[in-house]
Amino acid sequence: MNLEPGLIVIRPDGADEVIKAAAAEGSPLYQFSTDDQAGSEALFGAVRSALPLDPPVVGSSSWDALSDSLWEGIHSKNHGRVAILWTDATTFADESPEDYRMAIAVLKDVAESLSDETATVGRPTDVCIYVGRGDKSAR
């Protein structure tokens, strides 16, 4: 497996392949879990504990703040490629479909905008996001 920029939904048992691919490519891997919990508080808490954020995000209600903070946090690391693995999004998506939709939109936007040469002032980053989902749908 090779890491692919953008957001890809995988089966949860495919997480090991992502981990191996990131190691083989020498790309940083940021891995988080919502631990079968739902709601924005679970997601924001998981992201705060595992992903680079700049500035830190306080609270669990501003998706724009999360997006901006994640963008700057990844960009400031100055890596050409990073992988993000959300290992267990199934329960989250099933129990909080609107929060899941927002989380996916934020992650896609961050990946897309960080790949933009102009937005990153000549320092783009390939962000390869993998979301573990039992039913393989991104809703």
Side-chain angles (χ1 to χ4, degrees):
M1 165 187 210
N2 294 317
L3 296 176
E4 297 290 330
L7 188 140
I8 300 170
V9 176
I10 61 170
R11 294 193 51 74
D13 60 9
D16 286 342
E17 288 183 48
V18 174
I19 294 166
K20 288 177 186 172
E25 292 186 19
S27 297
L29 172 67
Y30 301 104
Q31 182 175 325
F32 70 95
S33 167
T34 45
D35 294 320
D36 291 328
Q37 296 178 26
S40 63
E41 286 184 26
L43 179 81
F44 278 67
V47 167
R48 268 192 290 271
S49 70
L51 298 175
L53 300 174
D54 185 11
V57 175
V58 178
S60 302
S61 61
S62 178
W63 294 100
D64 287 338
L66 179 64
S67 179
D68 292 347
S69 178
L70 184 56
W71 192 98
E72 188 59 39
I74 292 172
H75 185 66
S76 69
K77 297 295 183 187
N78 204 23
H79 295 292
R81 176 175 290 220
V82 300
I84 296 174
L85 174 60
W86 181 359
T87 58
D88 59 351
T90 303
T91 299
F92 187 93
D94 291 345
E95 293 183 12
S96 297
E98 184 59 24
D99 287 333
Y100 177 74
R101 186 189 70 70
M102 289 300 298
I104 294 300
V106 164
L107 292 169
K108 281 182 177 179
D109 179 63
V110 167
E112 207 171 272
S113 61
L114 278 169
S115 70
D116 184 280
E117 190 82 25
T118 303
T120 60
V121 191
R123 286 192 306 119
T125 302
D126 287 336
V127 182
C128 311
I129 303 168
Y130 295 87
V131 178
R133 227 12 241 279
D135 63 302
K136 285 194 76 171
S137 69
R139 284 192 195 166

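All figures in this text were calculated on a predicted structure; none of them were measured in a lab.
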>> Tell me the closest heavy-atom pair linking Ile129 and Ala111, and the distance in Å.
In response: CD1-CB, 3.8 Å

>> Evaluate Asp94 against Arg133 for side chain to side chain contact (heavy atoms under 4.5 Å, CB included), listing each step before the verdict.
In response: CA-CA 10 Å; Asp94 291 345; Arg133 227 12 241 279; 3.6 Å; yes

> Which residue pairs pass the salt bridge (charged side-chain N to carboxylate O under 4.0 Å, His left out) test with at least one member in residues 18-46, sequence neighbours excluded?
Replying inline: Glu25-Arg81

> Is the backbone N or O of Asp109 less than 3.5 Å from a side-chain atom of Ser113, with the two atoms forming a donor-acceptor pair by type?
Replying inline: yes

> Which distance, rounded to the nearest 0.5 Å, do you find between the CZ of Arg48 and the OG of Ser60?
Replying inline: 4.5 Å

> Taking all non-hydrogen atoms of both residues, which atom of Asp88 and which atom of Ser33 are closest, and how far apart?
Replying inline: OD2-OG, 2.7 Å

>> Is a donor from one side chain sitting under 3.5 angstrom from an acceptor on the other, for Ser40 and Asp99?
In response: no

> If every non-hydrogen atom of Leu3 is compared with every non-hydrogen atom of Ala83, which pair is closest and at what distance?
Replying inline: CD1-CB, 4.0 Å

> Once you round to the nearest 0.5 Å, how far does CE of Met1 lie from CG of Asp16?
Replying inline: 11.0 Å

>> Rounded at 0.5 Å granularity, tell me how far CG in Asp54 sits from CG in Asp68.
In response: 11.0 Å

> Which heavy-atom pair separates Glu117 from Thr120 by the least distance, and what is that distance?
Replying inline: O-OG1, 3.4 Å

> Checking Ser27 side chain against Ala22 main chain: does a donor-acceptor pair fall under 3.5 Å?
Replying inline: no

> Closest heavy-atom contact between Ala89 and Val131?
Replying inline: CB-CG1, 3.5 Å

> Which distance, rounded to the nearest 0.5 Å, do you find between the CG of Leu43 and the CE of Met102?
Replying inline: 10.5 Å

> Got a sec, which pairs hit ring-ring contact (aromatic ring centres under 6.0 Å, His included) with one end in residues 22-41, sequence neighbours left out?
Replying inline: Phe32-Trp86

> So, do Ile19 and Gln31 sit near enough that their side-chain heavy atoms are less than 4.5 Å apart?
Replying inline: yes

> In Å and rounded to the nearest 0.5 Å, what is the CZ to OG distance from Arg123 to Ser76?
Replying inline: 8.0 Å

> Can you check side chain to side chain contact (heavy atoms under 4.5 Å, CB included) on Leu29 and Tyr130, steps first, answer last?
Replying inline: CA-CA 11 Å; Leu29 172 67; Tyr130 295 87; over 6 Å; no

> Looking at OG1 of Thr125 and NE2 of His79, how far apart are the two atoms once the value is rounded to the nearest 0.5 Å?
Replying inline: 8.5 Å

> Knowing that exactly one of Leu70, Val110, Val57, Leu66 qualifies, which makes a side-chain contact (heavy atoms from CB on, under 4.5 Å) with Leu51?
Replying inline: Leu70

>> Give me the atom names and distance for the closest heavy-atom approach of Gly134 to Arg11.
In response: O-NH1, 2.8 Å

